[in-house]
Amino acid sequence: MAERPLRIAAHLGVKDEAALIGPCIAHLRAIGVAEFVVHDVASTDGTRAILRAHEGPGFRVIDLPDTVSDEGMSESFLAAVKAARADWVLMLDADEFPLPRGGDLRRVLAARSEDVVAMPRYNVALGPRGLCMALPPAPGDEARITMYARPDPLYRRRMNEDPMLVWLGFVPQAKVAIRPGRVAGFALGMHDALPHEGETLTKGRAEEIVVAHVAISDYPRFSRKVANIRAMFERHDGTLPKGFGWHWHRWAKLDAAGELRGEYDRSLLSEAAFAALRAEGTLRTAAEILG
């Protein structure tokens, strides 16, 4: 009897990502994702209409209000993930594009025995011609996708001391793929999973998967994102977990001071700056990282 093919689902958290949600879905399908669970948090930019066009068997959309608590959101996320008919579930946002070595996520995850697999994540650079990745990325694009990929444990402190440093240069936390039947909850930001009481989860890191993070693409999207962040902070003032979204707080302060455009403009690399960062190894292509 032939072995049942591996089934992979993606859980997407979405808020006003009309420019990315279509490319994100197309890319995930291309690398082997068969099922989607999407939580849309009161999008108003046309994202919901795009999602509605995809709804059907294997594609579920759950609407959440802007006022949902962190606890309520986590509970809804867990229930949706548990209901997925999949061997693995990717915990992602709409601006995250997993790039598996060889282009087939099923083949990569079939070789993993852990309950939770961390997928390293890197910010896609903004070069002289804009975002250094096509949307969606095409098969074989790994050599043309350029990201900030040199971790610096002191970068956050250096950003506080030097306002000219941009957040894109930071290497953010990994995202995870999980076996849904084994987890009882998620850590802050969906960067890790929690076990059932009295149990443990086996964990590993998949260097053969790189998550390309499109944190900033164009200024209108960046500005809308930060406006939503500011509104969220105002609605949940004093109730968010300590340490939640430190870079979001930075962007919110810049926006309140009328200086957000400066963060975006500083993130755009000139030809000379791009070449220098490539030469020193701060910028690497997805193909170089995957090896």
Can you list the steps and then say if E280 with T282 is a side-chain contact (heavy atoms from CB on, under 4.5 Å)?
-> CA-CA 6 Å; E280 71 180 34; T282 295; 2.5 Å; yes

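- When the side chains of ILVMFWY residues are joined at heavy-atom separations under 4.5 Å, either directly or via intervening members, M159 and I216 end up in a single hydrophobic cluster.
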Practice task
Given salt bridge (Lys or Arg N to Asp or Glu O under 4.0 Å), test E55 with R60 step by step and report yes or no.
Solution key: CA-CA 6 Å; E55 279 186 285; R60 181 184 177 201; over 6 Å; no

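- The pair R156-E161 does not count as a salt bridge, with every side-chain nitrogen at least 4.0 angstrom from each carboxylate oxygen.
- Salt bridge R182/E199: present, at least one basic N to carboxylate O contact under 4.0 Å.
- Between D218 and L131, the closest side-chain pair of non-hydrogen atoms is not below 4.5 Å.
- Remark: the backbone N or O of P180 is paired with a side-chain donor or acceptor of K82 at under 3.5 angstrom.
- A distance-only check finds no donor-acceptor pair linking the side chain of D265 to the backbone of G262 [under 3.5 Å].
- Of all heavy-atom pairs spanning P136 and P23, the tightest one is CB-O, 3.4 Å.
- The number of heavy atoms from other shown groups lying within 6.0 Å of CZ (R107) does not exceed 12.
- Looking at R261, R230, R224 one by one, the single match for salt bridge (charged side-chain N to carboxylate O under 4.0 Å, His left out) with D255 turns out to be R230.
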Report the C-alpha separation of H39 and V14 in whole Å, then their side-chain angles, then the decisive distance to 0.1 Å, and conclude whether the side-chain contact (heavy atoms from CB on, under 4.5 Å) test is met. CA-CA 6 Å; H39 273 89; V14 177; over 6 Å; no

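- Atoms CG and CZ, from L290 and R284 in turn, are 9.5 Å apart once rounded to the nearest 0.5 Å.
- The shortest heavy-atom contact between D93 and C24 is O-SG, 4.4 Å.
- For the atom pair CG (L168) and NE2 (H247), the distance works out to 10.0 Å, reported to the nearest 0.5 Å.
- Between the SG atom in C132 and the CG atom in L126 there is a gap of 7.0 Å [rounded to 0.5 Å].
- Of the charged side-chain nitrogens involved, none lies within less than 4.0 Å of a carboxylate oxygen, so that D87 and R179 do not count as a salt-bridged pair.
- Smallest separation of non-hydrogen atoms from F222 and Y264: CD2-CB, 4.0 Å.
- Taking the ring-ring contact (aromatic ring centres under 6.0 Å, His included) definition, one finds that H54 meets it with F59, sequence neighbours left out.
- Closest non-hydrogen pair, P128 versus S270, comes out as CG-C, 3.7 Å.
- Of all the heavy atoms in H27 and P137, the pair that sits closest is ND1-CG, 3.5 Å.
- Two residues are said to be in side-chain contact when any heavy atoms from C-beta on lie closer than 4.5 Å; V33 and F36 meet this criterion.
- Side chains of S69 and E71: no donor on one and acceptor on the other come within 3.5 Å.
- In this structure, V183 and L194 have side chains that are not in contact, with every pair of non-hydrogen atoms separated by 4.5 Å or more.
- Note on L105 and V116: separate hydrophobic clusters, where clusters join Ile, Leu, Val, Met, Phe, Trp and Tyr whose side-chain heavy atoms are under 4.5 Å apart, directly or indirectly.
- With respect to the salt-bridge test (charged N to carboxylate O, under 4.0 angstrom), the residues K15 and E17 do not qualify.
- Without hydrogens or angle criteria, R235 side chain to D66 main chain gives a donor-acceptor distance under 3.5 Å.
- Under the 3.5 Å distance criterion, the side-chain polar atoms of T285 are left unmatched by any main-chain donor or acceptor of A143.
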Note to self: Between E35 and R29, does the salt bridge (Lys or Arg N to Asp or Glu O under 4.0 Å) criterion hold? Intermediate values first, please.
What the structure shows: CA-CA 9 Å; E35 183 177 350; R29 289 194 190 280; over 6 Å; no

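- For the atom pair D70 CG and E75 CD, the distance stands at 10.0 Å (nearest 0.5 Å).
- Within the 3.5 Å criterion, the main-chain N or O of R85 finds a donor-acceptor partner in the side chain of R7.
- Under 3.5 Å, the side chains of S43 and D45 contain no donor-acceptor pair of N or O atoms.
- When the side chains of ILVMFWY residues are joined at heavy-atom separations under 4.5 Å, either directly or via intervening members, L135 and V211 end up in two distinct hydrophobic clusters.
- Taking the six-membered ring where the residue is Trp, the centroids of Y155 and W167 are separated by 6.0 Å or more.
- A salt bridge does not link D16 to R221: none of the charged nitrogens lies less than 4.0 Å from a carboxylate oxygen.
- Qualifying side-chain hydrogen bond (donor to acceptor under 3.5 Å, both in side chains) partners for W251, counting only residues two or more places apart in sequence or in other chains: E263.
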Practice item. Decide yes or no on side-chain contact (heavy atoms from CB on, under 4.5 Å) for L109 and I8, but give the supporting numbers first. Key: CA-CA 9 Å; L109 288 178; I8 300 175; 3.8 Å; yes

- Given E208 and R112, is the salt bridge (Lys or Arg N to Asp or Glu O under 4.0 Å) satisfied, shown in steps? CA-CA 11 Å; E208 61 273 34; R112 306 298 306 209; 2.9 Å; yes

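- Between H191 and F186, the distance from one ring center to the other does not fall under 6.0 angstrom.
- Side-chain contact of H213 with D95: a donor-acceptor pair under 3.5 Å is present, judged by distance alone.
- Atom CD1 of I229 is separated from atom CD of E234 by 12.5 Å, given to the nearest 0.5 angstrom.
- The hydrophobic cluster containing I62 also includes V37, under a criterion of side-chain heavy atoms closer than 4.5 Å among ILVMFWY residues, counted directly or through chains of members.
- Contact check for L260 versus Y219: side-chain heavy atoms found under the 4.5 Å cut-off.
- Using a 4.5 Å heavy-atom cutoff, the side chains of L92 and H11 are not in contact.
- Rounding to the nearest 0.5 Å places CD of Q173 at 7.5 Å from CZ of F170.
- Atom NZ of K253 is surrounded by 12 or fewer heavy atoms from other residues, nucleotides or ligands within 6.0 Å.
- With contacts defined as side-chain heavy-atom distances shorter than 4.5 Å, the pair I289/M147 qualifies.
- Residues A215 and N123 share a closest heavy-atom pair of CB-OD1, 4.1 Å.
- Under 3.5 Å, the side chains of T202 and D115 contain a donor-acceptor pair of N or O atoms.
- Between V210 and P98, every side-chain heavy-atom pair lies at or beyond the 4.5 Å cut-off.
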Q) Could you walk me through whether D40 and L64 pass the side-chain contact (heavy atoms from CB on, under 4.5 Å) check? A) CA-CA 6 Å; D40 181 71; L64 292 177; over 6 Å; no

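- L99 and V124 fall within the same hydrophobic cluster, where Ile, Leu, Val, Met, Phe, Trp and Tyr residues are linked whenever their side-chain heavy atoms come under 4.5 Å apart, directly or through other members.
- Transitive grouping of hydrophobic side chains (ILVMFWY, heavy atoms separated by less than 4.5 Å) brings I31 and L12 into a common cluster.
- Between R144 and M133 the shortest side-chain heavy-atom distance does not fall below 4.5 Å.
- Residue I178 forms a side-chain contact (heavy atoms from CB on, under 4.5 Å) with just one option from V89, V117, D192, L201, and that option is V89.
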